[in-house]
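Here's the structure we're looking at; comments come further down.
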Amino acid sequence: MLVRAIGTNVYKNKSEGKTLNFGNENRVKNPYMQESVGENIQDALKVLGDKKLELIIHNASAPSIVSKDVGVGSLYSESSKNLLIPFLIKYGFSGIQLDPEGMRPLHDASPYVSNSFVYNPLIIDLEALTMPENGALLDKNVYNSIVKLNPSRGKSNGDYEHAKDSYDLALANVWKNFKAKSTNLDSISYAEQIAVERLTKQFNEYLDENAESLEPYAIYSVLSDKFNNDYYKNWPVEYANLYNPRNNELINNIKSQYQDDIERFIFVDMLAKNAREKGIAEYSSVGIVTMGDNPVAFSNQEVWAHQNAFLKDYKMGCPPDNTNPQGQAWGFAVLNPSLLFNNDGSLGVSGKFLYDKCKKLASDNQGGIRIDHIVGLIDPYVYKNSPIESTAGRLFSSEHNPDLKQFAITRGKPDSIKRFSAILEKIVIPACKDAGLTKNDIICENLGSMPDHAREVFARLGLGGMVVTQYHNGMSATNKDTIMLGSHDTLPFRTYVNNLYGPYGKDSFNHALWPAVENSLPRNATHEQKQTKFDKYRFDTNRHKPEDNKRAFEQMKFTELFTSPAKRVQIFWTDLLGMEQRYNTPGTSVGNWTLRLSSDFEKQFDPSVLIQAISDALKAQDAKTVKENQQLIDSLDAHAQAARKKAGGNLDIKG
């Protein structure tokens, strides 16, 4: 647990007795630096309307000390926390937007096809399991071999396949040792005894509470091994339909034959839950909340165990558009609309399953929840074989499609928007509320194609969406929205800027530059002031300095995040570091989801852009606010100038 020593920038880790020093550069040299930059940023965010500054980073991208790198990151490992927490505090971040943290398929690193009811084993801190205070359940030689043999150790991309295989090996070793030690306590040290007794008690309670709900997923794991294939449609028919309808005799035979494997599965799930709860508590103890992610997709395990909740023929995808004329064939299962609600208005089979999923994820993430592809819950685009075939269409608004007209809601009728709102209003929002969240804690991913009636649903329910400034003017945001330079699916911000100045041509750059100029200046700036700044940095083939112009544009776009009406500012980690490597390219399957923060990532980070943006956002406020906060502005400017100098930059584009 990290606790701040009052009046200092020193944090002590109680569990290890370590002291972390940061944020003290130039404090004596510069009179404006008597406060840490993180405190300045937090003060400024309050002045700007109690804005929240949050980092978007997925578990797999979390940094590791090279000597502890197992091939994949975990935000809950001690290695990651010791690298990341001081950084977040130092620069005023108050939250982390996580990825979906469910168990993933065997050969797919995407968190957006994970099982929402089973925790991802890869978030477990393997090193912690070698410690006596955790029962020394993992042999140190096994752990050391995993690190030593990691082909991606110290590299910018993780290795999911190595990590998955390594975790399977490690957790089998953990289970073997747990069973041996729990039945022979006298043979282990006192510290290990205490830990093993605690875990034994907890495991028995976890079995009692979760054995029934986790049973089908544990059996799915068993059958995947049995048939050497983790896709149920490739299994013999009696196993592919084990729960469709439920075959109690065969289920009981499997449970009897594979009891040890099933119990190991549930034990590992408990360890993963423990890891994330401990990690979230440590982030929370220093004022950093974590927000979860509710994927629109359902995993193969979920569909297999609840086949009666889904349509048999249709899959969810994305419709064709100008940028993608073939659409996107995601292949996600589609909930059966006929089974969302019973005739009396209560939840049907499909509705109850969706409610349980949403409540589980919201309960796990008390900092808030991101709802992935919200239009997929309002009016999903569905297809049989291809998104461009004639039978494809939006599930609830294809009244002229013979296959889908039975589900159609006629648009324009007085109750149509209320009916389009039903899944969110009667299932998703109540599930979040029952888990302790409010609508203000829900972040809706409303990017991409959104039909007009879906936008009306948003307005009716008062939900907040996302504004990505690569596509939209930041001033179009509302105070309920989340604003960002980009997401895990978009081009890296630095690449976007380079493209504007390069292959997209000067007209594209100048078109984007004008609103960036406007949004970085005070609201009462004259047209002449705006024009002067625009002329200074516009793309002019006769007199342009590409690097200066591009960096100035980046600075203005960062400022736009904080001048916009949006209360929540999120920055994807690659955008924060100015990287050009892409984390995920939608519609492709190679090389995605593995890009990671390096152990020395802070050396790559030039904080001047972020600090200057927040200072410039303060300067863009009314004259009274600026006057009252001039000392804070001066301090932020001094921090930004010092950071620029340290990074070797000399471009001064304040205000």
Side-chain angles (χ1 to χ4, degrees), residues 294-297 310-311 314-325 327-328 330 332-341 345 347-348 350-351 354-355 358 369-384 387-432 439-440 442-468 471-473 476-478 480-482 489:
N294 186 334
V296 72
F310 296 90
L311 288 178
Y314 275 95
K315 309 175 189 71
M316 186 190 302
C318 217
D321 57 28
N322 291 334
T323 60
N324 195 338
Q328 293 183 35
W330 293 341
F332 299 163
V334 181
L335 288 169
N336 189 334
S338 302
L339 300 177
L340 288 169
F341 302 101
L347 297 184
S350 299
L354 178 61
Y355 172 90
C358 294
I369 191 79
R370 174 188 182 274
I371 307 293
D372 180 43
H373 192 61
I374 197 73
V375 71
L377 293 171
I378 299 172
D379 195 8
Y381 188 82
V382 300
Y383 64 93
K384 287 184 176 179
I388 60 174
E389 64 191 2
S390 60
T391 55
R394 293 216 172 266
L395 182 60
F396 297 121
S397 57
S398 297
E399 55 264 32
H400 302 301
N401 184 320
D403 289 347
L404 300 177
K405 65 180 181 180
Q406 60 179 311
F407 308 123
I409 299 169
T410 303
R411 286 166 289 182
K413 287 194 173 183
D415 68 339
S416 63
I417 299 305
K418 183 178 180 180
R419 293 180 65 193
F420 279 117
S421 304
I423 292 177
L424 291 176
E425 188 172 26
K426 296 181 179 181
I427 301 176
V428 176
I429 294 173
C432 291
K439 280 200 286 189
N440 290 335
I442 299 174
I443 304 170
C444 298
E445 193 271 286
N446 60 335
L447 308 177
S449 178
M450 283 277 285
D452 290 342
H453 56 277
R455 299 183 191 282
E456 291 183 63
V457 168
F458 247 61
R460 178 178 181 272
L461 297 179
L463 293 168
M466 294 180 178
V467 173
V468 174
Y471 309 132
H472 303 109
N473 189 317
S476 67
T478 71
K480 294 179 181 178
D481 290 330
T482 298
D489 282 334

Distance, nearest 0.5 Å, that separates [atom1] of [X] from [atom2] of [Y]:
{"X": "Ile378", "Y": "Glu425", "atom1": "CD1", "atom2": "CD", "result": "11.5 Å"}
{"X": "Leu354", "Y": "Leu340", "atom1": "CG", "atom2": "CG", "result": "7.5 Å"}
{"X": "Asn440", "Y": "Leu463", "atom1": "CG", "atom2": "CG", "result": "9.5 Å"}
{"X": "Lys405", "Y": "Asp403", "atom1": "NZ", "atom2": "CG", "result": "9.5 Å"}
{"X": "Cys432", "Y": "Lys439", "atom1": "SG", "atom2": "NZ", "result": "11.5 Å"}
{"X": "Phe458", "Y": "Ser421", "atom1": "CZ", "atom2": "OG", "result": "11.0 Å"}

[Y] and [X], any side-chain heavy atoms less than 4.5 Å apart:
{"X": "Phe407", "Y": "Val382", "value": "no"}
{"X": "Ser416", "Y": "His453", "value": "no"}
{"X": "Phe332", "Y": "His373", "value": "no"}
{"X": "Ile388", "Y": "Pro325", "value": "no"}
{"X": "Ile374", "Y": "Leu424", "value": "yes"}
{"X": "Ile427", "Y": "Phe341", "value": "yes"}

Restricting to non-hydrogen atoms, name the atom on [X] and the atom on [Y] that form the minimum distance, rounded to 0.1 Å.
{"X": "Val334", "Y": "Lys315", "answer": "CG2-C, 3.5 Å"}
{"X": "Val375", "Y": "Ser449", "answer": "CG1-O, 4.1 Å"}
{"X": "Val428", "Y": "Cys358", "answer": "CG2-SG, 4.0 Å"}
{"X": "Cys318", "Y": "Tyr381", "answer": "C-CD2, 3.8 Å"}
{"X": "His472", "Y": "Val467", "answer": "CB-CG1, 4.0 Å"}
{"X": "Phe310", "Y": "Ala333", "answer": "CD2-CB, 3.6 Å"}

Between Asp452 and Arg411 (salt bridge meaning N to carboxylate O under 4.0 Å), is one present in this structure?
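Not counted as a salt bridge, because no side-chain N and carboxylate O are separated by less than 4.0 Å.
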Okay, side chain of [X], backbone of [Y]: is any donor-acceptor separation there less than 3.5 Å?
{"X": "Glu389", "Y": "Tyr383", "result": "no"}
{"X": "Gln328", "Y": "Gly317", "result": "no"}
{"X": "Ser350", "Y": "Leu335", "result": "no"}
{"X": "Asn324", "Y": "Asp321", "result": "no"}
{"X": "Asp379", "Y": "Leu395", "result": "yes"}

